[in-house]
Amino acid sequence: MELEKSYDASKTEGKIYQTWLDSGYFNPDNLPGERKEPYTIIMPPPNVTGTLHIGHALFATIQDILIRYQRMQGKKALWLPGTDHAAIATQSKVEAELYKKEKKTRFDFPREEFLKLVENYAQTSHDIIIGQLKRLGASADWSREAYTLDEQRNLAVRTAFKNMYVDEIIYRGARIVNWDPKLKTTVSDDEIEYVEQKDPFFHFKYGPFTIGTVRPETKFGDKYVVMHPKDERYKQYKHGQKIELEWINGPLTATIIKDEAADMEFGSGVMTITPAHSAIDFEIAKRHGLDIKQVIDERGCLLAIAGDFEGQHIKKARAAIVEKLKTKGLLVKTDEGYLHNVSTNSRGGGIIEPQIKEQWFIDVNKEFSIKHSEIAGIQTGQMVTLKQLMRHMVQEGLIKIIPEHFEKIYFHWIDNLRDWCISRQIWYGHQIPVWYKKIDITYFVHGTTTDNEEKKSSGHYDADLSELGKEQSNQLKEAVKEQKFDIVFCSDLQRARKTAETAFGDKTEIIFDSRLREINYGELTRQNEGKVSAMKSGAVEKPFPKGESYRDVEKRIKNFLEEILKKYPNKKIAIVAHQGPQLALDVLIKKLTWQEAFANDWRNTKAWQAGWEYKLNEIFCDVNPPTGEGWTQDSDTLDTWFSSGLWTFSTLGWPSSAKASDFAKTTSDKSEGKPDDLSFYHPTDVMETGYDILFFWVARMILMSTYHIGQIPFKTVYLHGLVRDKDRQKMSKSKGNVIDPLGVIDTFGTDALRFALIFSSAVGNDIPLSEDKIKGMKHFANKLWNIARFVLANMGSQELRIMNYEYKPLTKADEEIIDALKFAVDEVTEGLENFQLHAAAQKIYQFTWHSFADIYIEASKQQLVNPEQKENTQVILLNSLLIILELLHPFMPFITEEIWSKLNQKDLLMVTKWPASPV
RNA sequence: GGGCAUUUAGCUCAGUUGGUUAGAGCGUUGCAUUCACAUUGCAAAGGCCACAGGUUCGAGUCCUGUAAUGCCCACCA
């Protein structure tokens with residue numbers, strides 16, 4: 001058997017990869033031999049936003065090394081691959097392209113059509129990425145490949161959302177959020193990137209104070225002036241004191257607020273606040289219960305509050321506002337070149353404008369009872385918060401982070417964690433599994449009756465309208481002339497019926513319903529109002545003698561509302577009825593207590609002709625859409641990290657293969673047949689990823705996995721560094737120092753690239769990479785090739801089968817190489833066990849090149865011509881080579897497999913048993 | 001402002017619990033070579049392990065401080 005004179009990676013790699021694929025061994029179900037122990041790595045899914053870069057090559061290499069090693073150790077090794085839809089990133093990429101090519105935005109398309117465009121892009125990108133991973137030699141189980149936005153994962157997301165919604169871990173609320181006016185979506189705190197910027201810093205006269213700002217455009221609504229309570233300079237001003245002053249658009253009443261948030265050292269120590277557009281100001285406003293007024297809209301344009309400036313974009317308005325203030329003599333001075341940080345959306349968006357918006361959040365501080373826990377130190381049913389769960393796993397060593405110092409960073413992050421805003425206003429992603437049904441109600445009270453005029457309470461007694469009441473009904477008709485209602489519901493008592501017929505009878509269908517009747521006062525009917533009032537408070541729960549309580553009215557109305565929600569969703573309806581049912585609406589819809597409803601004075605105003613407005617909203621959250629008509633789904637999508645957080649178990653079949661709430665059932669099922677993927681492969685062994693997404697992702701996987709299935713997601717977190725160029729510079733297109741993985745694979749071979757990537761840098765450190773280094777590793781591959789050529793050339797084919805031939809050290813060289821080999825096996829193994837991949841790589845490199853090639857092969861040339869030593873030497877040569885191939889295979893899979901195949905071996909090297917120390 | 005790390009040969013980096021003469025790759029210099037490999041071999045030069053203290057029989061390694069560099073978090077209107 002002859003080998004080519006030098007190793008040609010390009011001729012070998014494709015062929016070898018195909019051999020592996022054909023073997024089916026990437027799927028652990030097909031691995032030969034008795035394998036009981038699982039070893040799982042779930043691949044961090046690359047974003048489908050383009051092609052792989054060298055950083056991906058690094059993660060693929062590290063994970064492939066770990067998987068190949070464990071597979072050779074006899075484990076059922078599963079490396080589960082996948083890709084990430086990367087919501088914002090992918091969508092904004094498509095949007096950018098669309099704008100460049102056709103000058104269109106996504107709003108020029110129907111949602112479905114735009115999504116098709118994104119999906120096409122994602123599909124193309126996906127295919128490229130998978131192809132690239134294969135070229136890197138990734139021994140991943142493609143049969144289990146997952147996508148964060150496929151059907152299975154969508155089910156997982158909906159299930160996860162619902163579980164958390166039911167537990168009230170997920171809530172909807174109006175908070176100050178990071179709004180990106182460019183992408184028109186919120187982003188989470190972690191996605192913010194601060195960019196240093198120089199801007200003019202303005203000092204303005206604000207009454208007796210001087211305030212400073214870089215952003216005069218936010219200042220229109222500022223009517224609170226804040227100073228530190230201990231600031232001696234402003235001792236004479238009291239908290240809550242009002243001050244009249246002249247401001248941008250005229251005179252204004254400002255209120256003094258004393259709060260420790262004001263920094264006495266900064267500027268004059270006095271500031272005004274803009275609660276709607278600053279998180280800090282929002283906090284202050286909440287502390288003191290101040291008014292919050294929106295100034296800037298979602299496009300970044302000024303609202304009506306800005307007066308003349310209304311509609312202008314803040315960027316353009318700034319100069320004009322300063323000019324106006326200057327003209328008014330309110331500009332004190334301007335400092336040019338003030339250095340400050342501007343927050344931007346790191347996902348390719350614009351400058352963040354904080355806004356108050358109704359969004360979905362995950363509450364990280366809410367206590368809940370954990371439904372199922374296999375976690376040491378956490379009992380099933382125990383009360384915990386998500387924050388505590390996240391902290392516990394790492395603190396108690398259940399999850400080990402390598403390198404260790406990242407644990408401190410992790411804790412620091414958790415301690416400062418705020419509720420996680422998970423809703424996004426983009427289209428590409430998992431749509432929130434919440435549906436709404438909405439009815440707008442305008443409520444009118446019937447006209448005055450004869451009883452009313454005599455101050456008697458009618459209740460169910462069918463009192464008629466008085467002359468005034470009839471007149472009022474005509475007035476009502478006039479008042480609602482312009483309004484269009486789909487349906488009018490009316491109490492069947494004649495005072496309401498006559499009112500409704502007069503006001504609406506000629507244009508709208510009227511449906512009479514006895515549930516809309518006034519409270520039945522029983523024995524008090526038609527008696528003096530004063531007596532009724534006296535009993536009102538006591539009549540909430542307790543019926544009037546032989547009549548109803550207010551709770552009874554509430555029940556009738558509740559029943560009525562449920563029915564119209566079902567039958568008449570999304571309609572605009574009017575109700576003409578009495579005061580009692582209206583109070584019930586206050587209680588049912590506005591969530592007032594009965595006492596508050598009574599106390600409210602709005603029904604004493606003459607505004608009854610305009611009606612009182614109620615918005616009836618029903619929210620439905622479940623895995624599947626509600627049945628029935630009239631439901632509309634929440635149009636927001638979820639933060640991409642929400643689905644990524646489920647990744648370790650959604651890829652293994654959750655929730656289909658094992659429902660979190662159904663653990664008892666699945667464990668009893670296990671006796672027959674093989675266990676499902678989730679119970680067998682989860683918790684996974686290693687999560688290997690870049691340190692830059694420790695918070696985004698790793699922490700969220702811990703959160704999701706512990707919450708939903710009561711298991712840690714992984715035992716070890718292995719954080720690799722960033723690949724940099726040889727001068728430690730970050731690789732970037734603009735610097736022109738990027739190394740294209742496919743390019744270097746073409747020139748030097750995958751094995752060389754892989755070896756170079758892990759050869760010289762310890763875990764967690766950044767990795768400087770240069771073409772020279774890869775070239776050096778190509779030389780190493782070639783060296784190995786020639787070692788194999790030498791060994792092969794020095795024995796006939798029969799010797800290739802004498803694997804178990806006993807050999808013994810006959811010479812000093814024999815003795816040394818056997819010792820060295822033993823050492824190498826131990827150290828490479830130890831390196832791989834302890835995640836010291838670079839140490840293992842260096843060891844095998846040294847051993848191969850120096851101990852074996854330079855020393856032993858040189859010595860063997862003498863021994864091979866000595867008949868007494870020849871055969872023994874041949875066996876040592878061959879055995880050493882085989883062990884080298886085995887040790888090196890995880891690192892350089894292609895060339896080792898290729899040589900192995902030339903050595904007449906039965907099975908593939910990739911499933912050969914990892915060597916123990918040789919005899 | 002707070003935190004985390006790094007500083008070892010010309011360059012890029014190893015050096016796990018403190019233990020002989022501190023290592024590798026690349027580069028440099030000299031020599032060799034029809035020999036498995038010039039994508040080679042042999043050899044050499046090159047380090048007060050950032051600095052200053054301390055602990056110890058013994059410190060690149062542990063402790064304290066200083067300096068430089070990098071990164072992360074917070075953020076001041």
Side-chain angles (χ1 to χ4, degrees), chain A residues 2-3 5-7 189-190 192 194 201-204 206 211-216 218-219 222 225-227 261-274 277-281 284 338 340-343 403-413 415-417 691-692 694-695 721-722 724-728 730 748-749 752 755-756 759-794 830-831 834-836 838-839 841-843 845-846 849-850 853-855 857-858 860-861 877:
Chain A
E2 269 295 302
L3 295 186
K5 196 167 178 188
S6 60
Y7 174 65
D189 294 344
D190 299 299
I192 300 292
Y194 291 97
F201 187 85
F202 306 101
H203 299 263
F204 297 119
Y206 188 83
I211 58 156
T213 186
V214 199
R215 309 198 50 199
T218 63
K219 296 282 149 200
D222 288 15
V225 52
V226 182
M227 58 209 67
D263 183 352
M264 289 189 274
E265 309 293 317
F266 189 87
S268 63
V270 174
M271 62 177 173
T272 60
I273 55 169
T274 314
H277 303 289
S278 150
I280 299 283
D281 293 359
I284 297 171
Y338 173 72
H340 66 128
N341 287 325
V342 177
S343 42
E404 206 175 333
H405 75 256
F406 279 104
E407 295 188 357
K408 289 183 196 164
I409 299 175
Y410 175 83
F411 290 137
H412 184 259
W413 179 78
D415 293 341
N416 292 298
L417 187 60
Y691 63 71
D692 48 333
L694 177 65
F695 308 135
L722 261 48
R724 295 173 179 268
D725 76 1
K726 62 180 189 328
D727 303 317
R728 278 196 139 274
K730 233 178 187 166
F748 305 110
F755 215 62
F759 191 73
S760 57
S761 191
V763 192
N765 287 1
D766 289 350
I767 297 158
L769 185 71
S770 61
E771 293 217 348
D772 277 350
K773 198 184 217 169
I774 306 169
K775 193 163 103 192
M777 295 309 163
K778 188 193 171 177
H779 295 175
F780 176 61
N782 192 60
K783 185 76 184 178
L784 178 70
W785 185 258
N786 278 289
I787 288 169
R789 277 185 80 202
F790 176 85
V791 174
L792 267 168
N794 282 290
E830 199 186 314
N834 299 325
F835 301 102
Q836 305 270 339
H838 68 280
Q842 285 180 19
K843 188 66 209 172
Y845 182 100
Q846 286 301 310
W849 203 312
H850 296 111
D854 292 345
I855 298 172
I857 286 187
E858 289 310 315
S860 77
K861 287 171 184 171
L877 281 171

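In this text, all values refer to a predicted model and were calculated from it rather than measured experimentally. Order of the sequence lines fixes the chain letters, A, B, ..., with proteins taken first and strands second; residue numbering starts at 1 for each chain.
- Of the candidates B:A74, B:C26, B:A77, the closest approach to any side-chain atom of A:Phe266 belongs to B:A77.
- Set against B:U40, B:A77, B:U39, the side chain of A:Trp849 has B:U40 as its closest nucleotide.
- No contact: A:Ala788 has no heavy atom under 4.0 Å from any strand.
- Look at the P atom in both B:A14 and B:A45: the space between them is 26 Å, to the nearest Å.
- On a pure distance criterion of 3.5 Å, a polar donor-acceptor pair joins the side chain of A:Glu858 and the base of B:A36.
- The separation of B:G23 from B:U69, taken at their P atoms, amounts to 32 Å, rounded to a whole angstrom.
- For the pair A:Tyr845 (side chain) and A:Phe759 (backbone), a donor-acceptor distance under 3.5 Å is absent.
- A distance of about 23 Å separates the P atoms of B:C48 and B:G58, rounded to the whole Å.
- With a cut-off of 3.5 Å on both pairing distances, the Watson-Crick or G-U wobble partner of B:A68 is B:U6.
- Using N1 to N3 plus N6-O4 or O6-N4 for Watson-Crick, or N1-O2 and O6-N3 for G-U wobble, each under 3.5 Å, B:G53 pairs with B:C63.
- A donor-acceptor contact shorter than 3.5 Å links the side chain of A:Asp766 to the backbone of A:Leu722.
- Classification of the A:Phe204-A:Phe202 ring pair by plane angle, with boundaries at 30° and 60°, yields parallel.
- The aromatic rings of A:Phe406 and A:Tyr691 lie parallel to each other, with less than 30° between the two planes, well short of the 60° mark.
- A:Asn341 contributes a side-chain N or O that forms a donor-acceptor pair with the base of B:C75 under 3.5 Å.
- In the set B:G25, B:U40, B:A77, the nucleotide with an atom closest to the side chain of A:Lys783 is B:U40.
- The minimum heavy-atom distance linking A:Leu877 with A:Ile857 is given by the pair CD2-CG1, 4.1 Å.
- For A:Tyr338, a side-chain nitrogen or oxygen approaches OP1 or OP2 of B:A77 to under 4.0 Å.
- On the P atoms, B:U17 is 16 Å away from B:A5, given to the nearest whole Å.
- The side chain of A:Lys778 sits closest to B:U39 out of B:U39, B:A77, B:A36.
- In this entry B:C31 has B:G41 as its Watson-Crick or G-U wobble partner, both defining distances falling under 3.5 Å.
- When both pairing distances are held under 3.5 Å, B:U21 makes no Watson-Crick or G-U pair with any nucleotide shown.
- Which of B:A77, B:G15, B:U39 sits closest to the side chain of A:Asn782 comes down to B:U39.
- Proximity note for A:Lys408 (side chain, C-beta onward) versus B:G25, B:C4, B:U39: the nearest is B:C4.
- Ranking B:C37, B:U16, B:G41 by closeness to the A:Asn786 side chain, first place goes to B:C37.
- In the set B:G25, B:C76, B:C4, the nucleotide with an atom closest to the side chain of A:Ile409 is B:C4.
- With distances taken from any side-chain atom of A:His779 to the nucleotides B:A77, B:G41, B:U40, the minimum falls on B:U40.
- With B:A77, B:A74, B:C4 as the choices, the nucleotide that has an atom nearest any side-chain atom of A:His405 turns out to be B:C4.
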